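Report on the following structure.
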Amino acid sequence: MKALIIVDVQNDFVPGGALEIAGGDRVVPEINTVVNTFDLVVATQDWHPPDHKSFASNHPENNVFDTIKIQGLDQVLWPDHCVQGTVGAEFHAGLNMNPVEAIFRKGMDPGVDSYSGFFDNGRKISTGLAGYLREKGARELLFCGLAGDICVYYTIQDALKEGFKAGLLVKAARPLDVKTFDQQISNLKSTGVNIIE
Ligand code: VGL
Ligand code: ZN
């Protein structure tokens with residue numbers, strides 16, 4: 001049984017959004033083309049409270065994109081994005097969400113960021129995604145969405161750690177940093193991830 005995991009295709013990650021990714025909106029038609037070919041489709045949604053510690057605005061002494069330590073973890077300070085209940089946190093209006101059976105939200109704890117759809121960055125709290133997928137009988141997961149080099153990448157890493165087979169739909173993912181993503185793709189390939197160009 002094959003599942004598609006759509007990562008964070010939200011307004012703040014597409015051009016015009018608070019944390020825009022070049023070409024981020026281009027993943028939408030790519031995902032729509034394949035979304036009906038899976039046995040199971042789930043989506044993740046970045047869903048932060050306004051006082052989230054990953055927001056540079058909550059660290060007046062720092063700048064956007066600085067890296068600081070929070071609770072012992074490296075944390076990039078982002079522009080305010082995907083704030084709960086805002087338009088920026090909504091899924092892109094063009095994305096066909098009808099086949100999506102479940103939405104897993106992440107990043108609600110103000111003290112810790114959550115790039116992966118499975119666990120927070122400290123690996124302390126599970127979203128329940130792994131258990132859900134196992135109970136549904138999904139063994140092979142295909143990933144797409146935004147940002148390729150951040151939430152998609154870390155979600156794939158956790159999928160492997162959780163014992164799933166993983167694939168990446170490259171055309172349906174866009175990174176914040178292209179060079180980083182290219183490097184990550186070759187790393188993933190060497191760890192057995194099915195890179196679908
Ligand atoms: C993401 C940075 C901060 C992502 C989420 O979805 O890739 N990146 N929050
Ligand atoms: Zn975020």
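Each ligand, and each atom within it, is numbered from 1 in the order the structure gives. All residue numbers in this chain count up from 1 along the given sequence. Remember, predicted model here, so these are calculated numbers, not experimental data.
Among all protein heavy atoms, the one lying closest to atom 8 (N) of ligand 1 is Ile150 CG2, 3.7 Å.
The Zn ion (ligand 2) has an N, O or S atom of His48 inside 2.8 Å of it. Using a cut-off of 2.8 Å, one finds that Asp46 contributes an N/O/S atom close to the Zn ion (ligand 2). For the Zn ion (ligand 2), the set of nearby N, O or S atoms under 2.8 Å includes none belonging to Cys151.
For a threshold of 3.5 Å applied to N or O pairs, the pair formed by Lys106 and ligand 1 contains no separation below that value. For ligand 1, the polar-atom distance check finds no N/O of Trp78 at less than 3.5 Å from any of the ligand's N/O atoms. Considering both main-chain and side-chain atoms, Cys151 comes within under 3.5 Å of ligand 1 through a nitrogen or oxygen pair. Polar contact check, Tyr115 against ligand 1: no nitrogen or oxygen pair lies under 3.5 Å apart. Residue Leu19 places no N or O, backbone or side chain, under 3.5 Å from any N or O of ligand 1.
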Let me see the working for Tyr115 and Tyr153 under ring-ring contact (aromatic ring centres under 6.0 Å, His included), right down to the final yes or no. CA-CA 9 Å; Tyr115 293 159; Tyr153 178 70; over 10 Å; no

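In this structure, the side chains of Val9 and Val28 come closer than 4.5 Å at one or more pairs of heavy atoms. A heavy-atom distance below 4.5 Å is not found between the side chains of Val42 and Ile6. Residues Asn36 and Asn96 have side chains in contact (heavy-atom distance under 4.5 Å, counting atoms from C-beta outward).
Closest non-hydrogen pair, Asp46 versus Ser114, comes out as OD1-O, 4.1 Å. Between Ala138 and Phe164, the closest heavy-atom pair is O-CE2, 3.3 Å.
If you take NZ on Lys2 and CD on Glu140, they are separated by 6.0 Å, rounding to the nearest 0.5 Å.
Screening Val27, Ile31, Val35, Asp25 against Leu95 for a side chain to side chain contact (heavy atoms under 4.5 Å, CB included) leaves a single residue, Ile31.
Contact annotation for Val7 and ligand 1: no heavy atom of the residue comes within less than 4.0 Å of the ligand.
Every atom of ligand 1 is numbered from 1 in the order shown, and the set under 4.0 Å from a heavy atom of Asp46 is 5 (C), 9 (N). In summary, the atoms of ligand 1 found under 4.0 Å from a heavy atom of Asp8, numbered by their order in the structure, are 4 (C), 6 (O).
At a threshold of 4.5 Å between side-chain heavy atoms, the hydrophobic network of Ile, Leu, Val, Met, Phe, Trp and Tyr places Leu129 and Phe119 in one connected group.
Using a 4.0 Å cutoff on heavy atoms, Gln10 does not count as a contact of ligand 1.
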